K.L.:
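Got a structure for you, questions after.
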Amino acid sequence: MQCADEARRMDESYKPESVELEAREFWQENHTFEVDEDPGKDQFYCLTMFPYPSGHLHMGHVRVFTISDVIARYQRMQGRHVLQPMGWDAFGMPAENAAIKRGVPPAAWTYRNIEDMRGQFQRLGYGYDWRREITTCRPEYYRWEQWLFTKLFEKGLVYRKNSVVNWDPVDQTVLANEQVIDGRGWRSDALVERREIPQWFMKITAYADELLAGLDTLDGWPESVKSMQRNWIGRSEGIELRFDVADGDALGVFTTRPDTLMGVTYMAVAAEHPLAEKAAAGDPAIARFLQECKTMQAAEAAMETMEKKGMPLGMSAIHPITGDAVPLWVANFVLMSYGTGAVMAVPGHDHRDWEFASKHGLPIVQVIEPLDGASIDVREAAFVEHGRVINSGFIDGMTFAEAFAAIASRFEEQGRGRRTVNYRLRDWGVSRQRYWGTPIPIIYCDKCGAVPVPEDELPVVLPEDVKVTGVGSPLKDMPEFYEADCPTCGQAAHRETDTFDTFVESSWYFSRYASYDCNTAMLDERENYWMPVDQYTGGVEHAILHLLYARFFQRLMRDLGLSSADEPFTNLLTQGMVLKDGAKMSKNKGNTVDPQALIEKYGADTVRLFMMFAAPPEQALEWSDDGVQGAFRFLRRFWSAVHANAGTKSVAAIDTANLNDAERELRRKTHQTIEKVSDDIGRRYTFNTAIAACMELINAVNKLPDVSAQSVAVRREALDAVVLLLSPIVPHICHKLWQVLGHSSAPVNAPWPAVDESALQQDSIEIVLQVNGKLRGRLSVPADISRDALSALALADENVDRFVAGKEVRKVIVVPGRLVNVVV
RNA sequence: GCCCGGGUGGCGGAACCGGUAGACGCUACGGACUUAAAAUCCGUUGUCCGAAAGGACGUGUGGGUUCGAGUCCCACCCCGGGCACCA
């Protein structure tokens, strides 16, 4: 007897490892997640931002891939034909750093990491079509990227120009912003210098207006992301005008505030501006200042927070209206690469100009007054809002728009300026002076210049067996790589040794999953079946760069006839970070938790459940070991609740007319839960509240212990529902429990449960009673009660009466189905 | 500095359209079971006053709108993400 009990208990106890293996084998044997194009089916493309193969899975990965997998599995149960692929963003700096540290070539290190991580992903039960796996460092992938670049070259959408990099004078190498710490090289500790070198650019600005307008069509994107992109593109209407400089030079500037033109009291140019260099030639102090400006980081954040410095150049510009002399300064915060490298300064009506003027004792003049006539003093603070023009001669009294038009027309007549649109967005510099990246397919010929590598010579293959030292790219020491014949004239030439920014690979991989094995073109007609991505999920840190570049590439591919979609991602979900002790999990901080160890201890379902339960996906998630334990406990309760109710072979049909109150209430709860979970997973992506609702339902099942046939049937209905509702989140345990409940199908292939509206009906509802907005009582009333009857009942209530107590009732507010508020 | 978020019990969070603040879970405490421990189950758990009934206070800070504000408006403080070569 005891032995039999023991045996049954063993059988019924939850053992994640075997349960999860069984489910995984089922999916694998049935090729469950392998999908091909089927025009008769409603397709759904569910994609996660692919990972960099760092070698170890971290909690951030588990979180984002689980979110996406839950959505994919839910959509599948909705009857959609779901594609969920996976791949590797395999080029990047960490491989070079590992190579320097350990002497392993980046390629070998990367491939090894991919093997390790693929195994970990499979253990987590994600429903990927692994046949479509993409690895960006493989020539069969990047050859198409090289091909695209040569097409863009032909279309004039790429060009070469000088631009600024961080130069480490000791290591003789270019540093990434991340490698500059407090203005010094991370390895050499040398003061980093700004250096201009020729680099390739893609004309993203040619698409600025379209990228901006496209945001209005992205109803499935978070407003915050769209807003960040709008501000990043930074479209502004203004005028471009020319200030003459004393001895024949001219200074072009752009302004969005021509109405403040009479308030210009000085001009500032960048250190690299020709006028600054001209002044420096005759003045050692200016030359020293320009030299000082070179030891400055390229990052905008560093620039904006540094001390604003400047000095007069001893030259003047001529004000285009008054003809007055305006002093010319050089300033470290004006950048040669932004706009014209010069700004007109209006300290009375611009914060930064005001600060600089105050510091250097430059005059501050008021030329705008507030429309409401409020009194202001520009000596105290800049007034930056639009207003009415004053102290400005022919434009006095005008509004912003009137003054803008008047100034623009005058300059256009004089040929001194014109109306124009300016963008904050700059063209995308794609050259990197690094080895581990896609070779830029260009050959430099002394006679023919820069020549794209012809299609039949692609791919330009990156040699993988190299020694990385950290000083320059190994490609520069490999004549077998860089020696080439000019494709045009055939004479000896040399190959570009720079590689692409790794953002280039991630700007089109989503399309390639559809045409993953096509070796005759970048994309084929299958692209049209899957694209655009229905649901894209990834870190909010990619809100601007990656997502903007991908939107740009989508348009490039469209304009080359490779795709018909304007936008690559219809719906976007940005997930928050995983924190521990309030800080981002990172190796540096030593606060990481290894997902692998947890999976071994509790199983994949527990880890998935905790991740989805601890916080809604967009928020930061605080790690908690106790919370993981709690998730495991819940799965055990879930397991035993199902087993406790699975004994009866045949379950009676539910006779809805003959349920007692408790049974009817449990049924209502079952269908309320189906309704809520469908909305939480399908629309709101609030997986935490979906799980909470399922927990409540299981608690309610356990509280209905009656063994009558109808009670058994109602409990089974609830458990059938909850197994299906939780199956996208904890798919392995649900796969097993579905069998335990006597079903021969698998939840992954089952339809999503439907709500029985009649089960939701309620005869009486609870109404809250308030006096002056404070809760004073509750009332159970018929669901269809009239407003007047409700109002009368409320006033008659003794709790309400206690607080009304003879005072005059001024108003009674009735919110049907919710509350009555008596105002006295 | 600029752009975008966030701030609710001891903790993670819930409250979806301005209508019961604290669902669900964790922790802690009390109890049951056990020779014992673990596991499990039951109960309590925002703060203060009160024996209780009940009351007052309470969503970063200060103001405002409203019958009613965690939710809307204004100002401020703190924390996080991004700022173009980390991915």
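Just so we're on the same page: letters track the sequence lines, and every chain starts at 1. Not measured: the values here are computed from a predicted model. Atom set for the values below is all heavy atoms of this structure, side chains included, hydrogens, waters and symmetry mates excluded.
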K.L.:
Does A:Glu618 reach a base, just sugar-phosphate, or nothing at all? Heavy atoms under 4.0 Å.
P.N.:
nothing

K.L.:
Is B:C79 in the syn or the anti form, by the rule that syn lies within 90° of 0?
P.N.:
anti

K.L.:
Please report the distance separating the P of B:A14 from the corresponding atom of B:G22, rounded so that it comes out in whole Å.
P.N.:
15 Å

K.L.:
Do any side-chain nitrogens or oxygens of A:Gln619 fall under 4.0 Å of OP1 or OP2 in B:A14?
P.N.:
yes

K.L.:
Could a donor-acceptor pair under 3.5 angstrom be found where the side chain of A:Glu223 meets the base of B:C4?
P.N.:
no

K.L.:
What nucleic acid atoms does A:Ser431 come within less than 4.0 Å of, heavy atoms only: base, sugar-phosphate, or nothing?
P.N.:
base

K.L.:
For A:Val165, report the nucleic acid contact type (base, sugar-phosphate, nothing); a contact means any heavy atom under 4.0 Å.
P.N.:
base

K.L.:
Would you find more than 12 non-hydrogen atoms of other residues, nucleotides or ligands less than 6.0 Å from A:Arg818 atom CZ?
P.N.:
no

K.L.:
Using the C1' atom on both, measure B:U71 against B:G81 and round to a whole Å.
P.N.:
24 Å

K.L.:
So, does A:Arg633 get its side chain near the phosphate of B:U27, meaning an N or O under 4.0 Å from OP1 or OP2?
P.N.:
yes

K.L.:
With a non-hydrogen cut-off below 4.0 angstrom, is A:Arg818 in contact with a base, only sugar-phosphate, or nothing?
P.N.:
sugar-phosphate

K.L.:
Which value, in whole Å, describes the distance between the C1' atoms of nucleotides B:G58 and B:C48?
P.N.:
11 Å

K.L.:
Using a heavy-atom cut-off of under 4.0 Å over every strand shown, decide if A:Phe634 touches base, sugar-phosphate, or nothing.
P.N.:
nothing

K.L.:
Should B:G82 be called syn or anti, with syn set as within 90° of 0?
P.N.:
anti

K.L.:
Would you indicate what A:Asp626 reaches in the nucleic acid, counting non-hydrogen atoms under 4.0 angstrom: base, sugar-phosphate, or nothing?
P.N.:
sugar-phosphate

K.L.:
Reckon A:Met306 touches a base, only the sugar-phosphate, or nothing at all at heavy-atom distances under 4.0 Å?
P.N.:
nothing

K.L.:
Is B:C33 paired to anything, Watson-Crick or G-U wobble with both distances less than 3.5 Å, and if yes, which nucleotide?
P.N.:
none

K.L.:
NA contact type, A:Thr305, heavy-atom cut-off 4.0 Å: base, sugar-phosphate, or nothing?
P.N.:
base

K.L.:
Any N or O donor-acceptor pair linking the side chain of A:Gln229 to the base of B:C4 at under 3.5 Å?
P.N.:
no

K.L.:
Base, sugar-phosphate, or nothing for A:Arg230, non-hydrogen atoms under 4.0 angstrom?
P.N.:
nothing

K.L.:
Touch check for A:Ala631, heavy atoms < 4.0 angstrom, all strands: base, sugar-phosphate only, or nothing?
P.N.:
nothing

K.L.:
Once you apply a heavy-atom cut-off of 4.0 Å, does A:Val823 come out as touching a base, just sugar-phosphate, or nothing?
P.N.:
sugar-phosphate

K.L.:
Tell me whether the OP1 or OP2 atom of B:A84 has a side-chain N or O from A:Arg432 closer than 4.0 Å.
P.N.:
no

K.L.:
Quick one: look up who B:A15 pairs with, Watson-Crick or G-U, both distances under 3.5 Å, and put none if it's unpaired.
P.N.:
none

K.L.:
Between B:C74 and B:U65, how far apart are the C1' atoms? Round to whole Å, please.
P.N.:
11 Å

K.L.:
Have a look at A:Lys669 and tell me which of A:Leu704, A:Leu697, A:Val701 forms a side-chain contact (heavy atoms from CB on, under 4.5 Å) with it.
P.N.:
A:Leu697

K.L.:
Aromatic ring centroids of A:Phe610 and A:Trp623 under 6.0 Å?
P.N.:
yes

K.L.:
Against A:Trp428, only a single residue in A:Tyr159, A:Phe201, A:Tyr549 fulfils ring-ring contact (aromatic ring centres under 6.0 Å, His included); can you say which?
P.N.:
A:Tyr549

K.L.:
With a 4.0 Å cut-off on heavy atoms, is A:Lys774 in touch with a base, just the backbone sugar-phosphate, or nothing at all?
P.N.:
sugar-phosphate

K.L.:
Per the atom types in the model, does the base of B:C67 pair as donor or acceptor with the side chain of A:Arg810 at under 3.5 Å?
P.N.:
no

K.L.:
When all nucleic acid strands are considered with a 4.0 Å heavy-atom cut-off, which category describes A:Lys676: base, sugar-phosphate, or nothing?
P.N.:
base

K.L.:
Tell me if the aromatic rings of A:Phe50 and A:Tyr509 count as close, with their centers under 6.0 Å from one another.
P.N.:
yes

K.L.:
Heavy atoms under 4.0 Å, any strand shown: does A:Pro51 hit a base, just sugar-phosphate, or nothing?
P.N.:
nothing

K.L.:
Do any side-chain nitrogens or oxygens of A:Arg776 fall under 4.0 Å of OP1 or OP2 in B:G55?
P.N.:
yes

